[in-house]
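First the structure, in the form of structure tokens, and then the observations on it.
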Amino acid sequence: MLSKIEVILLKSLEAGRSYTPEEASELSGMNKDAVLKAAYLLQEKGYVRVVEKSETEYRLTKEGEKYLKEGLPEEKLVHLVKSGVDNIDELRKTIGKEFQIGLGWLRKKGVAEVKDDKIRLLKEPDFREKEVLRAIKEGEVIEVDKVLERRKLVEKHESKQVFIEVIKKPDIAVQELITDLTPEMLLNGSWKGKEFLKYDISIPSKEIYGGKIHPYERIIEECRKVFLEMGFTEIKGHYVQPAFWNFDALFQPQDHPARDMQDTFYLDRYVELEEDVVERVKKTHENGWKTGSTGWGGQWSLRKAKQLVLRTHTTAITIHYLAENPEPPQKAFCIDRVYRRETIDATHLPEFDQLEGVVLDRDVGFRHLLGLLREFFTKMGFEDVRFRPGYFPYTEPSVEPEVYVEGLGWVELGGAGVFRKEVTEPLGIKGKVLAWGLGIGRLAMLKIGLKDLRRLYLPDLGWLRSMPVVRK
Amino acid sequence: MPVITLYWDELERLVGADRDTILSRLPMLGCDIERVEDDHIDVEFFPNRPDLYSVEGVARALRGFLGIEKGIKTYFADKGEWKITVEESVLAVRPRIVGCVVKGIEMSDEVIRSLMEVQEDLHWTIGRNRRKMAIGVHDLSKVYFPLRYKAVDASFSFVPLDFDRGMTVAEILKEHPKGKAYSFILEGKDRYPMIVDSKNEVISFPPIINAEKTRVTEKTTDLFIDVTGFDENVDRAIAILACMLADRGGRIERVEVVYPDHVEFTPNLDTKTMEIEVEEVSSLLGFDLTHEEIKDALERMRFSCDILDSKVRVGIPPYRADIMHEWDVIEDVAIGYGYDNIVPEIPKTLTFGQTHPWNEVRGMVKEVMAGLGFLEVITFTLTNENVMYRKMRRKGRAWDDYVPVMHPLTTEHTILRTHLLPKLLELLSYNKHHEMPQKVFEVGDVVVNSENRLHLAACVTHSKANFSEIRSYVQAVMREFDLSWSVEEPEDDAFIDGRRGEIVVDGKRVGVFGEIHPEVLESFELTMPVVAFEVDLSEIFDTGYLL
């Protein structure tokens, strides 16, 4: 099986010939990298041999060029001696600094000697070097004496050259195989009767990354679907809420630790509240009003209730919804962002998402809350659910559901309870309210094996790209 | 919530059951078991049950729950010769005080430590970190009655616990470790509460520190306990302590507290009663229980229960600080009955589900964006002015635009986001090492002038990202939204002048797009061109009613 580039290369070269990559590139129309890649692949299959040859080339140095033109220093010297000038001083004056070089070489070659400050020729010299220099200059490839290199008249240049030799072509004539199916072929039917080149299908292609929904949003979608299937109405509220809806309406005492600056993000703004409701809530806090409760005692401060906070739970929204829709039956859910004044680590974030469901009806009780919880968790994929007593300031009875997760055992997942009368009665809510909630982050940890919640809100694109849409 | 360490030998002995039984049933009483060790367990009890913050309290509850000893346990306080006079001066500072004498306690290091632990847990929960209630425990033999509870000024001095020299109130608040830790409670006051004995020596400076002279040691056999504060929380705390020490074998004696206008005897260990309709129990729990089942459940929870006609009369022990309403008792019926014995049932409430327009719009937008090849991301809504405005070469005003939070934890999170685009640029800066091109979008909430709005923003980055590319996407998005729009030149310095557009629908400016200005890229440390758009979907679509 040949890949596309291999076929193109084979098609454009002739068997038995040798090509440089540049030549092959020009013939095939592919770039040099593709040519070489194809050549190496073809070599493995025995169609091509890739040969690396190293070539030596000599070039004249500046000095070499000069001597070739003007003659070698010893040549100049011999010429002068022959013309009768043999006194050393006179010769040095005439030739300059080359005198010493010329004399040195004459002596080395045993051609001349110096006696009584005079140069005397011993035999007829030959200037073979000059012929070599000329040959190099003219591009002839000849043996070059090392002496020329040492005299720095020539320089040696070594280069590696790759040659692609086509040994043979595949049995099926390459020319007959279709590589790219083109619109022209389809139009003129030229593909008919020809074979398609078979590709190496095991070679991975380049990765592509499409657009998709965030894995966390998929979990939220799953939760929404479960609620909608169960007949719940989706509700939504502002992130910024008066402390009244976040705390007071839920019978959270004004000195409750959760209301501290330590745990809640407060805003330096106060809003007006509806007077009737406020008055009843105030009385309930102080002395229980008509709810049958003792209340928390002490003075309830209107100003504290008016202050804006970043909501600490979605219950601020569900309770407000029930206050606006106090007649049973009601079923509502809210999945949204909440805030806690917490330092960031792997399992704590200053903002995260919460899910909450409420049912308002007359003939429902704690047992029905357990029924709802079991149904909800089963739909969420947790078959085994059990219940332990819990504590939340605004529910009575309260329960902590636990689900069984393979490999982890029983895991606490959220909280639930029946809203206290101190919560429902001052708001005019008729009947009992069954409520439950949980952190979506915790769900994500169980569902997609997330270890670090920061991943969700400071996404790493590599992680997002690698998260499959389908979850087992 | 307080985590209590319970030692097995003591717990098993006091409960009269083995550890397997205890381990399996304890969570069903209402707690989280944090750690199980060879010699002890660490258990987190809920803040509504401070009576369980000691091994005595847990043993008392478990004996009932396991059926070993059911029904109410009554406690008595004998008449004593102990008196505290409350002076007018302290009423404005920390008006309430209760006292209790406990005799015949065998003190050991362990008992002292456990007493201090209970004290600290009560300080945290009922006491709200000593603000509402603070406890002082003293060696009775060092205290000379009658006592006076009064207010003094900052120059008043005595020898506080852990010191060997006299210090003034002002010095204690500045230098003593406890003074430094709790001075916030007395901030702004110029008078300070003080309990002084008949020798005119201080025994306690509540809620800060006791005097050294009444320190409890292993030789102590009799205790005096004072609890100061503002309301009935002081009664709750002293009742819990008295019952716990009575369980340890102590004899409780009453203290007479003389206020300017009335007299109280503390601790009050009387049983309170409450009558509950059986029908109300069945109604709240959602199934019918017989009188006997209710009685059995309540007695397991250490209440007394007399069956009347349609009612039960419930006796509530003095240490149960959490019973505010009959539903609190009914919850205990459920716990005593056993949550694991209740058969769950799906309610018959018939309603039809309905989505919120906000999320309908989000879903639609997600389909469009994912179809165009964009990857969805989620970012924090908490951010800061620097990211939201300065780095963007934009301007915003507190409250008109953004919401500043008070007491932010870090300089990173000081406001709520008003735009998504800066968060996306921030995100791209964390992801520079990943393969290009990168195409991301977020469709989510921003908060402008305290109200949520729904925005969509998208970014494209690669070496050749340009205006025409982002305009193509804007065209595609607006086409999918079935909106006709026109473009105007915005004055938004986040984009390059002449390469930015404002999306106008029905004369309303609903969004911007263009090539991000290199200065903005530089401040986000981005090294590739980025083109982007952001649209205010709440301006275009009906995103529904928000509570």
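By convention in this document, chain letters (A, B, ...) are assigned in the order of the sequence lines, proteins followed by strands, and residues within each chain are numbered from 1.
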Contacting moiety of B/F230, where chain A heavy atoms sit under 4.5 Å:
neither
Applying a criterion of heavy atom separation less than 4.5 Å, what residues of residues 226-235 of chain A form contacts with chain B?
A/L228, A/G231, A/F232, A/T233, A/E234, A/I235
Given a strict heavy-atom distance threshold of 4.5 Å, which part of B/P437 is in contact with chain A: side chain, backbone, both, or neither?
backbone
Per-residue contact mode, B/N129 against chain A (heavy atom under 4.5 angstrom)
neither
Close side-chain approach of A/P257 to B/W124, heavy-atom, < 4.5 Å:
no
pair B/D328-A/S293: side-chain heavy atoms closer than 4.5 Å
no
Hey, which of A/T294, A/I344, A/D255, A/D361 has the most heavy atom pairs under 4.5 Å with chain B?
A/D255
Please classify the contact between B/H413 and chain A as side chain, backbone, both or neither, with a heavy-atom cut-off of under 4.5 Å.
side chain
If we define contacts as heavy-atom pairs under 4.5 Å, which of A/Y209, A/Y239, A/F387, A/F265 has the most with chain B?
A/Y239
Turns out that what part of B/L350 lies under 4.5 Å from chain A's heavy atoms comes down to backbone
Non-hydrogen atoms of chain A under 4.5 Å away: do they reach the side chain of B/Q438, the backbone, both or neither?
both
Under 4.5 Å from any heavy atom of chain A - which part of B/V403:
side chain
Heavy-atom contact with chain A under 4.5 Å, split by part of B/T125
neither
Honestly, the part of B/P347 sitting under 4.5 Å from a heavy atom of chain A is both
